[in-house]
Every structure is written in C-alpha cells, then in structure tokens.
Number of protein chains: 2
Amino acid sequence: MDLGTVFAALADASRRRVVAELAADPGGRERACGSFDLPVKKATRTHHFRVLRDAGLITQRDHGNGSTVALRRDDIERHLPGLLALLVAEPRPATGPRDGAPHSTDPAPTAP
Amino acid sequence: MDLGTVFAALADASRRRVVAELAADPGGRERACGSFDLPVKKATRTHHFRVLRDAGLITQRDHGNGSTVALRRDDIERHLPGLLALLVAEPRPATGPRDGAPHSTDPAPTAP
DNA sequence: CAGCAGGTATGACGATCATCGTACCTTCGT
DNA sequence: ACGAAGGTACGATGATCGTCATACCTGCTG
C-alpha cells in the first residue's frame with residue numbers, strides 16, 4: 001500500500017471513476033467489471049483494473065465469463081483515511097449517458 | 001485545482017516530499033527552494049516546483065537569486081480536505097542525511 | 001570587478017504509460 | 001455443438017514524464 005502507487009493509480013480519470021463509483025455505494029457491494037461506463041476498449045479496461053488491483057485499491061473475483069470488483073474500503077480507510085471521500089466528492093464533468101454513439105460493450109467494427 | 005493533476009503531481013516521491021515537509025510546518029512559513037534535500041539536480045528541482053505550482057499546491061516567489069515556496073494550505077484544505085494529513089502521515093524511508101556522497105548543491109563534475 | 005551560488009529555459013534521452021488490435025479462453029444460452 | 005459475450009495475454013504505438021547537461025540570468029560578496 002504505497003502512496004506513490006496509489007496516487008499514480010488515481011491520476012487517471014477512468015480509474016478514479018471506478019473507485020469513486022465503488023466508494024459511493026454505501027453497501028460496499030461487488031460490481032460487475034462491465035458495469036462501468038468507461039470510454040475505453042476492453043483491453044484497456046482490463047489494464048485499468050490491474051493497476052487498481054496492484055495499487056491495493058480493489059479486489060477482483062473471476063467468475064469464468066464475467067468478473068467482479070470490490071473496493072478494499074477497510075484497508076484504504078485504515079491506511080489512507082479520507083482518501084475515498086475526496087474521490088466521491090470530486091465534481092464529475094457529465095455523469096449522464098454518453099450522447100455520441102449509444103454505447104455497446106466493444107463496438108463499431110466498421111467492416112468485419 | 002483538478003484532482004487528476006493533483007494526484008499526478010503527488011505521484012512523484014520528490015514532489016510528495018516537498019509538500020509533506022511544507023505541510024508538516026504548522027506555521028505555514030515560506031521555505032527556500034534550496035532547503036529541500038532532494039536527490040535530483042537543479043534543473044529537475046525547478047521542474048518539480050513547476051509541476052507543484054501548476055497543480056495549485058504551492059506558490060513561488062522570486063527573490064532575484066534565491067526563491068521561496070509556500071504551501072497553499074487554505075485552498076488545499078478547502079477543496080481537498082484531509083489530503084495534506086495523508087502526506088504528513090506517510091512513512092518516509094529514511095529521513096536522516098544521505099550517506100553516499102556528502103551532499104553539495106549541484107556537485108560532482110567529474111572532470112570538467 | 002570577478003566569481004560564485006541559486007534558478008530558469010531549452011533540448012535531449014530513456015523509461016513509463018494509456019490506448020488499442022488481435023488472438024485466445026471461459027461460460028451461458030440457444 | 002455452436003456462437004455470443006465478457007476477460008485476459010501479448011505486442012505495438014504514440015504520448016508523457018523524470019532526469020540531466022548546458023547555457024544563461026540575477027544578486028551577493030570577497
């Protein structure tokens with residue numbers, strides 16, 4: 001649980017968003033990895049989850065096909081009290097749905 | 001005062017150290033830029049101070065030859081409450097003086 | 001005045017990073 | 001059995017970053 005690694009992980013907007021959404025849920029429930037509306041392709045999403053995992057911010061469970069993530073809230077609050085509050089309080093540019101192309105999961109193969 | 005920029009700035013150990021030392025001083029006094037014992041050369045130190053300034057974490061005053069920095073404690077605490085506490089509380093590897101070469105300011109031109 | 005100490009600007013270099021395409025694997029539904 | 005859907009692994013690529021050398025500027029001091 002290194003501060004440098006944590007800050008580096010949270011320097012990216014997509015990763016910050018994931019942690020913020022997890023932290024905003026008071027129940028601390030698991031969430032499907034695909035349930036985050038990130039503006040990146042599948043491979044990049046996998047990469048981001050890996051970075052968050054290596055930073056010690058989330059745990060990930062593999063279910064064969066889908067996988068789920070959970071916030072390591074207790075560890076974070078113990079070592080870095082108040083950090084999650086900063087993320088939850090961050091003003092988001094536009095929480096609403098994207099307007100460009102209606103989002104599918106990994107879309108737009110222009111000519112397969 | 002963007003969270004991404006702030007986290008990116010604090011992802012570097014040298015910059016984190018500067019902010020932590022400034023934050024550890026309850027008086028909020030200015031400090032000479034050269035008074036930080038950073039393991040980098042002059043130009044790099046200037047670069048780090050610029051990053052911290054661009055992130056909105058410090059202000060810098062030019063005195064002709066030397067210059068001084070001051071923590072923007074009020075702004076930080078207003079927008080990111082608790083952040084400075086995390087930095088001050090961070091365990092530092094070795095706060096004692098470096099042992100390798102006794103530090104001069106910009107030393108060691110092996111054979112000019 | 002000459003030299004030095006502290007800072008900055010500029011340009012370069014190597015490393016890391018975010019992103020993606022592709023290939024592959026696993027499970028579920030038909 | 002077969003395909004679709006969700007994830008991962010493995011490069012590749014372009015951008016950014018940390019670091020430094022060098023050159024230059026400013027003010028203090030012998």
Side-chain angles (χ1 to χ4, degrees), chain A residues 2 4-19 30-55 57-70 101-112, chain B residues 2 4-19 30-55 57-70 98 100-112:
Chain A
D2 171 42
T5 310
V6 169
F7 280 152
L10 296 178
D12 184 89
S14 295
R15 292 194 290 258
R16 213 159 52 241
R17 164 118 125 197
V18 168
V19 177
E30 288 191 353
R31 265 187 67 174
C33 287
S35 68
F36 299 92
D37 185 25
L38 305 179
V40 294
K41 296 290 187 299
K42 286 197 307 179
T44 308
R45 207 173 34 210
T46 297
H47 162 70
H48 284 320
F49 283 127
R50 166 175 291 276
V51 173
L52 289 174
R53 195 161 11 109
D54 289 350
L57 294 173
I58 63 171
T59 58
Q60 195 166 2
R61 269 206 317 158
D62 187 8
H63 292 274
N65 58 350
S67 68
T68 55
V69 288
H103 46 72
S104 62
T105 29
D106 201 23
T110 34
Chain B
D2 170 42
T5 310
V6 168
F7 280 151
L10 296 178
D12 184 89
S14 295
R15 293 194 290 259
R16 214 159 52 240
R17 164 115 124 198
V18 168
V19 176
E30 288 189 355
R31 266 187 67 172
C33 286
S35 69
F36 298 92
D37 184 25
L38 304 178
V40 294
K41 297 289 186 298
K42 288 197 305 183
T44 308
R45 206 173 38 212
T46 296
H47 163 70
H48 284 320
F49 283 126
R50 165 175 292 276
V51 173
L52 289 174
R53 194 161 12 106
D54 290 349
L57 294 172
I58 63 171
T59 57
Q60 195 166 2
R61 272 209 313 160
D62 188 9
H63 292 274
N65 58 347
S67 68
T68 55
V69 288
R98 206 69 79 262
H103 45 73
S104 60
T105 28
D106 201 21
T110 36

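Computed from a prediction, not measured in an experiment: that's the story for all the values here. We name chains A, B, ... by the order of the sequence lines, and we start the count at 1 in each one.
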K.L.:
Taking CG from A/L10 and C1' from C/dA18, how many angstroms apart are they, rounded to a whole number?
P.N.:
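Computing the A/L10:CG to C/dA18:C1' distance gives 16 Å.
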
K.L.:
What is the distance from NZ of B/K42 to P of D/dT26, rounded to the nearest Å?
P.N.:
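Atom-to-atom, B/K42 to D/dT26, this comes out as 15 Å.
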
K.L.:
Is there side-chain contact between B/T59 and B/V69, with at least one heavy-atom pair below 4.5 Å?
P.N.:
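Not in contact.
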
K.L.:
Report yes if the side chains of A/T68 and A/D62 come closer than 4.5 Å at any heavy-atom pair, otherwise no.
P.N.:
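Side-chain contact under 4.5 Å: no.
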
K.L.:
Output one line per pair: protein atom, nucleotide atom from nucleotides 15-19 of chain D, and distance, for all N/O pairs under 3.5 Å.
P.N.:
{"residue": "D/dG18", "atom": "OP1", "partner": "B/R15", "partner atom": "NH1", "Å": "3.4"}
{"residue": "D/dG18", "atom": "OP1", "partner": "B/R15", "partner atom": "NH2", "Å": "2.5"}
{"residue": "D/dG18", "atom": "OP2", "partner": "B/R15", "partner atom": "NH1", "Å": "3.4"}
{"residue": "D/dG18", "atom": "OP2", "partner": "B/H47", "partner atom": "NE2", "Å": "3.3"}
{"residue": "D/dT19", "atom": "OP2", "partner": "B/H48", "partner atom": "NE2", "Å": "2.6"}

K.L.:
Figure out the CZ/P separation between A/F49 and D/dA9, and round it to whole Å.
P.N.:
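It works out to 14 Å between those atoms.
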
K.L.:
Atom CG of A/L52 and atom P of D/dG7: how far apart are they, to the nearest Å?
P.N.:
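In whole Å, D/dG7 P lies 15 Å from A/L52 CG.
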
K.L.:
Kindly indicate whether the side chain of B/L57, heavy atoms from C-beta on, has any atom under 4.5 Å from the side chain of B/L10.
P.N.:
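Sidechains of B/L10 and B/L57: in contact.
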
K.L.:
Measuring from A/R15:CZ to A/L52:CG, what's the distance to the nearest 0.5 Å?
P.N.:
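Rounded to the nearest 0.5 Å, the CZ-CG separation comes to 6.5 Å.
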
K.L.:
Given the ring of B/F36, does B/R31 sit roughly above its face, with NZ or CZ under 6.0 Å from the centre of the six-membered ring and within 45° of the axis?
P.N.:
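The answer is yes; both the distance and angle limits are met.
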
K.L.:
Given atom CZ of B/R45 and atom P of D/dA21, what is their separation to the nearest angstrom?
P.N.:
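So the two atoms are 14 Å apart, to the nearest Å.
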
K.L.:
Near DNA chain C, under 4.0 Å by heavy atom, which residues of residues 60-70 of chain A?
P.N.:
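Those residues are A/G64, A/N65.
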
K.L.:
Should B/S14 and B/R45 count as side-chain neighbours, where that means a heavy-atom distance under 4.5 Å?
P.N.:
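Answer no - side chains too far apart.
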
K.L.:
Can you tell me if A/R16 uses its side chain to pair, donor with acceptor, with the backbone of A/A11 under 3.5 Å?
P.N.:
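Yes; judged by distance alone, with no hydrogens or angles, the pair exists.
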
K.L.:
Answer yes or no: is there a side-chain heavy-atom contact under 4.5 Å between A/H48 and A/V18?
P.N.:
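With C-beta onward as the side chain, the pair stays apart.
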
K.L.:
For the pair made of CZ in A/R50 and C1' in D/dC10, what is the distance, rounded to whole Å?
P.N.:
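Distance, rounded to whole Å: 12 Å.
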
